[in-house]
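Accompanying notes for the structure given below.
All values below were derived from every heavy atom in this structure, side-chain atoms included, with hydrogens, water molecules and symmetry-related copies excluded.
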Amino acid sequence: MGKNIKENIRLAIIIVISMIIGSVFTMFIKENNNSVNYSYSSKDRKEFNSLYETYDTIMKDYYKSVDSNTLIEGAINGMLGSLNDEHTMYFDKKSKEAFDSELSGNYYGIGAQIQLTGEGTIKITKVFNDSPAEKAGLKAEDVFVSVDGVSVKGKSATEVANMLKSNTVKTSKIVIKREGNEINFDVTKENITLFSVSSEMLKNNNKNIGYLSVSIFGQKTYSQFKDALLKLESQNMDSLIIDLRGNTGGYLYTVTNMLEEFVGKDNIMYQIQSSNGVKKYKSSKETSRKYKIVILVDENSASASEIMAASMKENYGAILVGKTTYGKGTVQTTKNLSNGSMIKYTIEKWLTPNGKNIDKEGITPDYDVNIGDSYLNSPTKENDMQLKKALDLLK
């Protein structure tokens with residue numbers, strides 16, 4: 001019996017590790033459904049007996065002390081991992097708090113977005129303006145080696161984010177790899193108010209070209225986006241660039257509100273496919289915007305970023321420039337658990353206004369353009385080849 005228990009634990013660990021390594025922190029969150037009342041109680045179901053028996057056996061007979069919470073979390077992770085869905089995952093209490101704080105727009109940390117790559121490394125996808133990360137010299141595409149002396153090898157993006165947001169260490173010692181070289185940074189963390197939208201007016205060939213960068217679709221993003229858009233329009237803007245590069249997603253209602261600023265009333269913004277069929281979501285807002293728009297995307301543009309890019313292309317005629325997007329065509333919701341933790345799980349698929357499923361494929365830009373080695377070495381607007389192409393299209 002002891003051998004079988006050990007084998008089951010080993011298999012559970014493999015499932016959890018496989019889920020972590022295969023996950024990329026992309027988000028497309030539908031409103032929380034915590035008010036759902038189930039018609040049964042799991043504790044009264046006979047099929048759960050083997051789970052309880054396993055738990056009781058390990059707690060009683062395992063050869064060393066076992067933390068019950070760790071065992072329960074492992075069981076939840078194993079259950080979710082068995083779904084083979086990289087976007088369905090468990091957040092412990094600490095991870096949930098970090099997740100919520102990022103989408104709410106306020107958190108304690110270094111001010112950078114990170115992502116788990118296909119090679120299993122953790123890299124920076126975006127450094128926020130005037131953040132501790134920017135002040136210390138960290139850059140997009142930097143790959144983490146360690147945080148405060150702890151290797152990040154094999155860790156998920158959520159685990160590394162928690163390390164970076166820990167309030168037990170005010171100044172973190174971060175080792176990153178850049179162009180094959182390891183570099184040490186001391187980064188003093190701060191309370192970050194995440195402005196997920198930045199904007200400016202660019203001049204090109206005597207034209208006023210508005211530039212809006214959206215880093216995440218959080219709770220405050222729509223209001224920030226609308227304020228910035230109206231400000232640019234008041235400055236006699238001729239055309240617009242919306243930068244969604246490195247944007248891994250966010251709330252469905254946020255991208256819906258943003259799309260309604262451009263998609264005319266009764267036009268389909270996107271479609272949602274569930275077990276009940278396909279529902280078309282139409283704009284309810286009148287709009288008269290007609291100026292030319294270019295949207296910048298890359299391989300890290302995922303989820304809500306992809307629905308905005310696809311909808312703007314198919315509805316408004318926006319031009320897409322950059323690299324093929326990540327390819328996440330599913331929608332998740334969250335469920336808060338009684339111990340303060342949370343699960344995020346897939347409930348639907350989304351389709352473009354024309355009914356296309358982009359899951360695992362991504363959206364191919366109208367102009368496939370590399371950002372350029374010069375930008376990766378020393379990022380400026382002048383050597384950003386994707387931005388340069390967008391500006392050329394808007395002359």
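Rounding to the nearest 0.5 Å gives a distance of 10.0 Å between OH of Y90 and CD1 of I343. How far CG of D384 is from CG of L376: 9.5 Å, rounded to the nearest 0.5 Å. Between L232 atom CG and D238 atom CG the span is 11.5 Å, to the nearest 0.5 Å. In this structure, CD in E348 is found 12.5 Å from CD in Q271, a value given to the nearest 0.5 Å. Interatomic distance, R178 CZ to D142 CG, rounded to the nearest 0.5 Å: 4.0 Å.
Under the 3.5 Å distance criterion, with hydrogens and angles disregarded, a donor-acceptor pair is assigned to the side chains of S166 and T168. S215 and S196 share no side-chain donor-acceptor pair at under 3.5 Å. If you check the side chains of N208 and K203, you find a donor sitting under 3.5 Å from an acceptor. A side-chain donor-acceptor contact under 3.5 Å links S95 and D92. Remark: the Y326 side chain and the E306 side chain contain no N/O donor-acceptor pair separated by less than 3.5 Å. Counted by atom type alone, N354 and T352 present zero donor-acceptor pairs between their side chains at under 3.5 Å. Inspection of the T256 and Y270 side chains reveals an N or O donor paired with an N or O acceptor under 3.5 Å. Under the 3.5 Å distance criterion, with hydrogens and angles disregarded, no donor-acceptor pair is assigned to the side chains of D61 and T57. Side-chain atoms of D148 and S172 form a donor-acceptor pair, as typed in the model, at a separation below 3.5 Å. A side-chain donor-acceptor contact under 3.5 Å links S305 and N247.
Between the side chain of D298 and the backbone N or O of S301, at least one donor-acceptor pair lies under 3.5 Å. Using modelled atom types, one side-chain atom of K344 and one backbone atom of H87 make a donor-acceptor pair closer than 3.5 Å. Remark: the backbone N or O of I216 is paired with a side-chain donor or acceptor of T221 at under 3.5 angstrom. With N204 contributing its side chain and L394 its backbone, the two residues share no donor-acceptor pair below 3.5 Å. In this structure a side-chain-to-backbone donor-acceptor pair under 3.5 Å is missing from S239 to K292. Checked by atom type and distance alone, the side chain of Q332 never pairs as donor or acceptor with a backbone atom of T346 at under 3.5 Å. Not one N or O on the side chain of D56 forms a donor-acceptor pair closer than 3.5 Å with the backbone of E53. Listed for the S131 side chain is a donor-acceptor partner under 3.5 Å among the backbone atoms of G111. Of the possible polar contacts, none joining the K313 side chain to the P365 backbone as a donor-acceptor pair under 3.5 Å is found. Between the side chain of K328 and the main chain of T330, a donor-acceptor pair closer than 3.5 Å is present.
Every residue two or more places apart in sequence or in another chain that forms a side-chain hydrogen bond (donor to acceptor under 3.5 Å, both in side chains) with N370 is listed here: K323. Scored by the side chain to side chain contact (heavy atoms under 4.5 Å, CB included) test, V160 finds I114, I122, V152, K155, L164 as partners (sequence neighbours excluded).
Classified by interplanar angle (parallel below 30°, tilted 30° to 60°, perpendicular above 60°), the ring pair F262/Y316 is perpendicular.
The pair K96-D100 meets the salt-bridge criterion, with a side-chain N (NZ, NE, NH1 or NH2) lying under 4.0 Å from an Asp/Glu carboxylate O. A salt bridge links K381 to E200: at least one charged side-chain nitrogen sits closer than 4.0 Å to a carboxylate oxygen. A salt bridge between R245 and D243 is present, with a side-chain N of the basic residue lying under 4.0 Å from a carboxylate O of the acidic one. The existence of a salt bridge linking E314 and K356 is excluded, since no basic side-chain nitrogen approaches an acidic carboxylate oxygen closer than 4.0 Å. Comment: E86 engages K360 in a salt bridge, judged by a side-chain N to carboxylate O separation of less than 4.0 angstrom.
Within the cation-pi definition used here (under 6.0 Å to the ring centroid, within 45° of the axis), K388 does not qualify as a partner of Y375.
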Could you give me the CA-CA distance, side-chain angles and deciding distance for E190 and K135, then say whether salt bridge (Lys or Arg N to Asp or Glu O under 4.0 Å) is met? CA-CA 12 Å; E190 301 174 4; K135 294 172 185 175; 3.3 Å; yes

Practice task
Please report the C-alpha distance between S68 and M59 in whole Å, then the side-chain angles of each, then the deciding distance to 0.1 Å, and finally whether the side chain to side chain contact (heavy atoms under 4.5 Å, CB included) criterion is met.
Solution key: CA-CA 7 Å; S68 61; M59 292 300 296; 3.9 Å; yes

| said: Could you walk me through whether M237 and M201 satisfy the side chain to side chain contact (heavy atoms under 4.5 Å, CB included) test, starting with their C-alpha distance in whole Å, then the side-chain angles of each, then the deciding distance to 0.1 Å, before giving a yes or no? | reply: CA-CA 8 Å; M237 182 179 72; M201 187 69 78; 3.9 Å; yes

task: Tell me, with the steps shown, if E260 and T287 meet side-chain hydrogen bond (donor to acceptor under 3.5 Å, both in side chains).
output: CA-CA 8 Å; E260 285 195 308; T287 180; over 6 Å; no

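Checking each of L212, I293, L391 against I241 for a side-chain contact (heavy atoms from CB on, under 4.5 Å) leaves exactly one that passes, namely L391.
For CG of D373, the number of neighbouring non-hydrogen atoms (other residues, nucleotides, ligands) closer than 6.0 Å is 12 at most. Heavy-atom contacts from other residues, nucleotides or ligands closer than 6.0 Å to CE of M385 number 12 or fewer. By the neighbour-count criterion of 12 heavy atoms within 6.0 Å, atom CG of N205 is densely surrounded, having more than that number from other residues, nucleotides or ligands. Under a cut-off of 6.0 angstrom, the local environment of NZ in K93 is sparse, with at most 12 non-hydrogen atoms contributed by other residues, nucleotides or ligands.
Contact record, S341 with F91: CB-O, 3.1 Å, taken as the closest heavy-atom pair. The shortest non-hydrogen separation linking I268 to P353 is O-CB, 3.4 Å.
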